[in-house]
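Okay, so here's the structure we're looking at.
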Number of protein chains: 2
Amino acid sequence: MGINERREREKQEMRNFILRTAADLFTELGFEKTSIRTIAEKIEYSPATIYLYFKDKNELFYAISQEAFQLFFKYFQTVSQDADPMKRLQGLGHIYFKFAFENPGYYDLMFILRAPMDVEETEDHWELGHQSHSVLTGLVNECIAAGYFKGRDPDVLSHLIWSTVHGIVSLKVRDRMKVYIEEERTDLIYQSLDLFNDILEKV
Amino acid sequence: MGINERREREKQEMRNFILRTAADLFTELGFEKTSIRTIAEKIEYSPATIYLYFKDKNELFYAISQEAFQLFFKYFQTVSQDADPMKRLQGLGHIYFKFAFENPGYYDLMFILRAPMDVEETEDHWELGHQSHSVLTGLVNECIAAGYFKGRDPDVLSHLIWSTVHGIVSLKVRDRMKVYIEEERTDLIYQSLDLFNDILEKV
DNA sequence: ATTTTTACTGAACAACGTTTATTAAAAAAA
DNA sequence: TTTTTTTAATAAACGTTGTTCAGTAAAAAT
């Protein structure tokens, strides 16, 4: 039955069309300010049509966040080939920065925004997040094997590293450095990461 | 003219009444889900009345955040009297944690949430944020004077410390640890802080 | 040719932040 | 004391928002 196949394909194409438009609009305007009606207008369909492909705005949220995590994981895979795992670990911080500042809307969605309404997460929804995290833990363990981080718990270390980089990034992404620092100091962001990377060698 | 004074007093009381109710509701429901209409119902006035005392929801946002920063600064002033500035600095992290986890709604408002609409900040709006930050920089400088952090830039160090603690806190407050860690691991939070404090001595 | 299924939409609902015309009460002026 | 003016509060409405549902026109199946 080629007809049913074509129909299924068209359905997926439509879903994808909505998703891409929504992701674009979201990147441009932020998630909160991107309304179903705006998306509908852009794809030249009625708002109700969107609900034939996505249960609600929440599901759209998770679908876009999936795309974001895919891109995030791609960034993570560009980790350097350096023989020293510490060098690779330090580079990972810069990769994290790169993703966050090149895709602040995505970053917001993934690590800061709460899902708009009630949550119903698939069990494997964070799969790529976990995989990205194991890139980090993998490097940490390699570092330990190479003699770094003597006597440290790799889980705690990984969580501290993730938190630190996320902390620097999120204060910038949410424009919250002004809360405690008077002047605009973008330099502090990169210097903090460099300092942290520097410290890591001595932990 | 005692009458005008009484009226001015009543006006302030009403403003305060709204503010306290709004802050309560916000702490309970979060800022986004606390509507002007809900506040109005709770104070048993019409929604329009609130607009006689606050320009818009934005102004309410900033007024509540002022209260939050006052409380935050109070917490910061409970820093220990230890002779070793490093000990005091390490204690400050725990104080930060205490504030954040005892007042997650406030923390959200201060360091994570963006103001809902257009921003019009008073110049001294972050005054208490800056003061809190100088408690940190003060301690960092004391540490340097005591022989710690040799050759490190105190501004960069302070920013790194703030970011790290904020990073740990905000991932928890926004329930985003699950993004990269499968199980619930509250222990990691405190262990990460302890590890970071431990590391600080060796920077 | 007729029935059934599909894809889509217009109109409506409830809740939101906000504005405006109006009213009732209080204060000031006569 | 009576009249005028100022004030405080509100009901009703506007333009949004996410979401639902009855209805429609076209396509597919019978």
Side-chain angles (χ1 to χ4, degrees), chain A residues 1-19 21-23 25-26 28-64 109 113-120, chain B residues 1-19 21-23 25-26 28-64 109 113-120:
Chain A
M1 272 293 160
I3 289 179
N4 282 341
E5 284 170 16
R6 192 210 65 213
R7 291 224 297 211
E8 182 56 34
R9 200 174 57 237
E10 282 177 349
K11 216 169 173 175
Q12 282 302 321
E13 273 166 12
M14 182 63 169
R15 197 187 137 95
N16 224 274
F17 181 40
I18 296 171
L19 198 60
T21 311
L25 274 173
F26 158 71
E28 190 185 338
L29 310 171
F31 190 80
E32 320 261 35
K33 291 191 178 175
T34 303
S35 70
I36 299 286
R37 285 174 161 87
T38 317
I39 301 167
E41 199 175 355
K42 191 128 185 178
I43 62 174
E44 294 178 301
Y45 282 81
S46 95
T49 301
I50 293 174
Y51 287 87
L52 301 175
Y53 297 88
F54 296 91
K55 187 173 143 281
D56 51 21
K57 208 187 175 186
N58 213 21
E59 198 170 294
L60 210 43
F61 174 95
Y62 282 110
I64 296 175
L109 189 69
L113 266 180
R114 239 189 292 270
M117 306 237 148
D118 54 326
V119 193
E120 198 241 303
Chain B
M1 273 292 160
I3 290 177
N4 281 341
E5 284 170 16
R6 191 210 67 214
R7 294 225 294 210
E8 182 56 34
R9 199 173 57 236
E10 282 176 349
K11 215 168 173 177
Q12 283 302 320
E13 274 166 12
M14 182 65 170
R15 197 188 137 96
N16 225 274
F17 181 40
I18 295 171
L19 197 60
T21 310
L25 274 172
F26 157 72
E28 190 186 338
L29 310 172
F31 189 80
E32 320 262 35
K33 291 189 178 176
T34 303
S35 70
I36 298 284
R37 284 174 158 89
T38 316
I39 301 168
E41 199 174 355
K42 188 127 185 181
I43 62 174
E44 294 177 300
Y45 280 81
S46 95
T49 301
I50 292 173
Y51 288 86
L52 300 176
Y53 296 88
F54 296 90
K55 186 173 145 282
D56 52 22
K57 208 186 175 187
N58 214 20
E59 198 169 294
L60 210 45
F61 174 94
Y62 281 111
I64 296 176
L109 189 69
L113 266 180
R114 243 191 289 271
M117 307 237 146
D118 54 326
V119 193
E120 198 242 301

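In what follows, every chain begins at residue 1, and chains take the letters A, B, ... in the order their sequences are listed. Because only heavy atoms are used, hydrogens play no part in the values below, and waters and symmetry mates are left out as well, while side chains stay in.
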**Prompt:** Can you name the nearest heavy-atom pair linking Leu19(B) to Ala63(B), along with the distance?
**Reply:** CD1-CB, 3.4 Å
**Fill in**
Whole-Å distance, Glu32(B) CD to dG18(D) C1', equals 15 Å
**Message:** Nearest to the Leu52(B) side chain among dG17(C), dT10(D), dA7(C), which nucleotide is it?
**Reply:** dT10(D)
**Request:** Hey, could you give me the CZ/CZ distance between Phe61(B) and Phe54(B), rounded to the nearest 0.5 Å?
**Result:** 14.0 Å
**Prompt:** Counting any heavy atom closer than 4.0 Å, what does Thr49(B) reach on the DNA or RNA strands: base, sugar-phosphate only, or nothing?
**Reply:** base
Just the table, please: protein N/O against nucleotides 25-27 of chain C N/O, every pair under 3.5 Å.
unit_1: dA27(C); atom_1: OP1; unit_2: Arg6(B); atom_2: NH1; d: 3.4
unit_1: dA27(C); atom_1: OP1; unit_2: Arg6(B); atom_2: NH2; d: 2.6

**Request:** Can you measure from CD1 (Ile18(A)) to CD1 (Ile39(A)) and round to the nearest 0.5 angstrom?
**Result:** 8.5 Å
**Prompt:** Does the side chain of Glu32(A) reach to within under 4.5 Å of the side chain of Leu113(A), using non-hydrogen atoms?
**Reply:** yes
**Message:** As an exercise, state the distance from CZ of Arg9(A) to CD of Glu13(A), rounded to the nearest 0.5 Å.
**Reply:** 6.5 Å
**Sugar-phosphate only, base, or nothing, as touched by Tyr53(A) at under 4.0 Å among non-hydrogen atoms** = sugar-phosphate
**Prompt:** Taking CZ from Phe17(B) and P from dA9(D), how many angstroms apart are they, rounded to a whole number?
**Reply:** 12 Å
**Message:** Within this structure, what is the CD1-CE distance for the pair Ile43(B) and Met14(B), rounded to the nearest 0.5 Å?
**Reply:** 4.5 Å
Polar atoms only, N or O, under 3.5 Å: list the protein pairs with nucleotides 21-26 of chain D and their distances.
none

**Nearest-0.5 Å distance, CG of residue Leu25(A) to CD1 of residue Ile36(A)** = 11.0 Å
**DNA chain D-proximal residues of residues 36-46 of chain A, any heavy atom under 4.0 Å** = Ile36(A), Arg37(A)
**Prompt:** Roughly how many Å is it from CD1 in Ile50(A) to P in dG18(D), rounded to a whole number?
**Reply:** 9 Å
**Distance in angstrom units between Leu29(B) CG and dA15(C) P, rounded** = 15 Å
**Asked** Below 4.5 Å, heavy atoms only, C-beta onward: do Tyr45(B) and Ile50(B) meet side chain to side chain?
**Response** no
**Item:** Rounded distance (Å) that lies between atom C1' of dA9(D) and atom CD of Glu10(B)
**Value:** 14 Å
**Message:** How many whole angstroms separate atom NZ of Lys11(A) from atom P of dT5(C)?
**Reply:** 14 Å
**Request:** Validate the cation-pi geometry between Lys57(A) and Phe31(A): distance from NZ or CZ to the six-membered ring centre under 6.0 Å, angle to the ring axis within 45°.
**Result:** yes
**Item:** Lys33(B) NZ to dG17(C) P, straight-line distance once rounded to whole Å
**Value:** 14 Å
**Prompt:** If you round to the nearest 0.5 Å, how far is CZ of Phe26(A) from CG of Leu109(A)?
**Reply:** 4.5 Å
**Prompt:** Starting at NZ of Lys57(A) and ending at P of dT19(D), how long is that distance when rounded to a whole Å?
**Reply:** 8 Å
**Asked** Counting only N and O atoms by type, is there a donor-acceptor contact under 3.5 Å from the side chain of Asp56(A) to the main-chain atoms of Glu59(A)?
**Response** yes
